[in-house]
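Here the structure comes first, spelled out in structure tokens, and everything after it is commentary.
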Amino acid sequence: MVGIRSYGAYIPWHRLDRQQFLKAWGGFAIPGERSVAYYDEDSVTMAVEASMNCLKDFDPQEIDGLYFATTSAPYKEKQSAATMALALNMRSDIRTTDFTTSLRCGSTAMLMAYDTIKAGSANSILVAVADCRIAAPSGMMEQSLGDGGAAFLLGNKDVVAEILCTYSISDDLVATWRGENDIFLRGWEERMVMDEGYSKIVPMAIDGILKKSGMKKEDFTKAVFDPPGDARRHGKVATELGFKPAQLQDPLSLFMNMGMTGSAMAPQMLSAALEMAKPGDKILYCGYGNGADAMILQVTNAITKLPERRGLTKHLSVKKSYDNYESLLKWRDIVPLEAARRPDKQHIRMAASWRDRKVLLGLWGVKCRKCGQPQYDNGAMSTPPIRICAKCQSQDDFDDYCFSGKTGTVFSYTHDHLAPVVDPPASVVLVEFEGGGRAFFDLTDRDPDEIKVGTRVEFTFRKLQVDRGLTNYFWKVRPARF
């Protein structure tokens, strides 16, 4: 039996009311709000967040591969999945792959993972999907997009949703695209895209998998397929296919509250369906983009034993609504800002970053063998390794200790209003960790007025800087959301 063992999702804390687009550019606004990745987030950090949510109560060392799917990868040449594997503390002898360039790359990655496991080449593979696409200011596409991610652990044991059947179609219709030198998305005339693409290809894929499996539409508890730009067209296609409203994993509420999240949209909808699924439910899933990938899943009794995930529902419920459109322009580097009157930042030290990758990306510290005191050195690249226990002063007597996944409380903090940061003030906290240990970290996703000594915080994987096209990732903390 091969299928989904666990699922997870992520939506950024920040949301922008679409009325702000109206105030900025005139015209009219789509109702609702859209999710906005913070200035230190991108598709990689959101995929790591969704993966951490998915892997709760699972040992990452037992996973045989990581497939990362996105249309907004930070690199044209460099694998992002390898960076994510370090952040998630996975083994080095695994298969890591990036899937990109199509809005159905998440669905394709899931099918490739399924085929790999079914063929016996792996026992479990993590599939992480996220998008942070940029549209040109003043257009309707800018309003309709959203940022977010989803993740699924596929395997051949303890499966919560077995994959019974798969079916794919390839199609070369140009809908949205981004060329080699494009920053912003481009889109073709919506009526043609919908009439000749989505409205024909999705029904073709669904009819094809129903014919292949011998199942009927009424056999399914939920039908999950994403609307690539027009939520209304989703309803029209569903009606023409013969699905009842109760069978649909409705994308309209998601669109109203987070927008179209690109390659993550269909996977996020599947994650939401699994949150509510019961043993015996059958789910029809279809991801669209330059064709379509369809799957039929059957929920097993194992889903009742899977611990509760944060999932899509909880992430939607926790947010900070912004009424400042200019923040979006700053966070995406769409408008140039006056440079800080300070010395330029130093270049990323590539050799040092590689040498200390376990400490920096994996968040590994040490734990004293004698007294059990954990210690973390987040100045690893500029200070010697820890050799003396801060508590009992024993020397060179440590075991490795991973701080990833730990929570803590604010022991002290500062808000620097003069620091050259994108969203001042620069908030830095001294964290006292559960289980012991203290270290300084940047604080993100915070309201400065709400931070106080004793505030509970959790780790989050973020960007520090981009230098010569290379993104420097590290860990920050944020106020615990749940």
Side-chain angles (χ1 to χ4, degrees), residues 1-4 7 102-115 117-118 127 129 150 152 154 159-173 175 193-228 230-252 254 263 265-300 303:
M1 181 185 296
V2 178
I4 295 172
Y7 60 89
S102 169
L103 285 177
R104 66 179 169 114
C105 60
S107 303
T108 302
M110 290 179 67
L111 289 182
M112 294 294 287
Y114 167 75
D115 288 340
I117 297 168
K118 191 175 181 181
V127 177
V129 192
F152 301 94
L154 276 72
V159 169
V160 302
E162 181 185 4
I163 298 175
L164 302 178
C165 186
T166 67
Y167 186 80
S168 295
I169 291 176
S170 178
D171 179 61
D172 192 40
L173 177 70
V193 169
M194 292 297 171
D195 289 348
E196 298 301 322
Y198 181 80
S199 296
K200 289 184 178 179
I201 299 302
V202 170
M204 193 182 301
I206 292 176
D207 286 340
I209 198 168
L210 291 177
K211 183 178 179 180
K212 181 179 178 181
S213 66
M215 296 184 186
K216 300 178 180 179
K217 299 179 181 72
E218 52 267 28
D219 294 332
F220 297 95
T221 307
K222 286 294 180 182
V224 179
F225 54 98
D226 58 321
D230 186 347
R232 297 170 299 178
R233 187 60 66 109
H234 177 276
K236 182 178 180 181
V237 169
T239 300
E240 292 174 352
L241 282 168
F243 288 110
K244 298 178 181 178
Q247 290 178 283
L248 299 178
Q249 188 66 39
D250 183 16
L252 184 58
L254 297 182
S263 62
M265 189 71 185
Q268 285 183 316
M269 292 173 65
L270 178 58
S271 175
L274 290 172
E275 286 183 47
M276 307 300 294
K278 299 177 181 178
D281 287 354
K282 288 187 175 66
I283 299 174
L284 176 60
Y285 171 83
C286 183
Y288 172 78
N290 297 120
D293 294 318
M295 284 181 275
I296 292 175
L297 303 99
Q298 180 162 332
V299 180
T300 72
I303 202 164

Could you please spell out the steps behind the side-chain contact (heavy atoms from CB on, under 4.5 Å) verdict for Val129 and Gln268?
CA-CA 9 Å; Val129 192; Gln268 285 183 316; over 6 Å; no

For [X], which residues count as a side chain to side chain donor-acceptor pair (under 3.5 Å) partner, sequence neighbours excluded?
X	result
Lys200	Glu196
Thr108	Asp293
Ser213	none
Tyr114	Lys118

Quick one: [atom1] on [X] to [atom2] on [Y], what's the gap to the nearest 0.5 Å?
X	Y	atom1	atom2	value
Ile283	Glu162	CD1	CD	12.5 Å
Asp171	Ile201	CG	CD1	4.0 Å
Thr166	Ile296	OG1	CD1	9.5 Å

Quick one: side chains of residues 284-292, donor-acceptor pairs under 3.5 Å with protein atoms, not counting sequence neighbours, listed by atom name and distance.
residue: Tyr285; atom: OH; partner: Ser107; partner atom: OG; Å: 2.8
residue: Tyr288; atom: OH; partner: Tyr198; partner atom: N; Å: 3.1

I'd like to check the ring-ring contact (aromatic ring centres under 6.0 Å, His included) partners of Tyr7; sequence neighbours left out, ordered by chain and number.
none

With sequence neighbours left out, write down each residue that passes side-chain contact (heavy atoms from CB on, under 4.5 Å) with [X], or none if nothing qualifies.
X	result
Met276	none
Val160	Ile4, Ala302, Ile303, Leu306
Asp250	Leu252
Ala175	Val193

For the residue pair [X] and [Y], establish whether any side-chain heavy-atom pair is separated by less than 4.5 Å.
X	Y	value
Met269	Pro251	yes
Ile163	Leu111	no
Leu297	Leu164	no
Val159	Val2	no
Leu210	Tyr167	no
Arg233	Pro227	no
Thr300	Met1	yes

Closest heavy-atom contact between Leu154 and Ala113?
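Taking every non-hydrogen atom into account, CD2-CB, 4.0 Å.
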
What heavy-atom pair brings Val127 and Gly106 nearest, and what distance separates the two atoms?
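That would be CG1-O, 4.3 Å.
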
Lys212/Asp207 ion pair, N-O < 4.0 Å:
no

Step through the shown structure and confirm whether more than 12 heavy atoms of other residues, nucleotides or ligands are within 6.0 Å of CE on Met215.
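Above 12, so yes.
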
Between Gln247 and Phe220, is there a donor-acceptor pair closer than 3.5 Å when you use the side chain of the first and the backbone of the second?
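Yes; judged by distance alone, with no hydrogens or angles, the pair exists.
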
Ser199 side chain to Met194 backbone, donor-acceptor under 3.5 Å
yes

Within residues 214-226 or reaching into it, pairs that qualify as side chain to side chain donor-acceptor pair (under 3.5 Å) - sequence neighbours excluded
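As it turns out, the side chain to side chain donor-acceptor pair (under 3.5 Å) pairs with a partner in residues 214-226, which skip direct neighbours, are Thr221-Asp281.
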
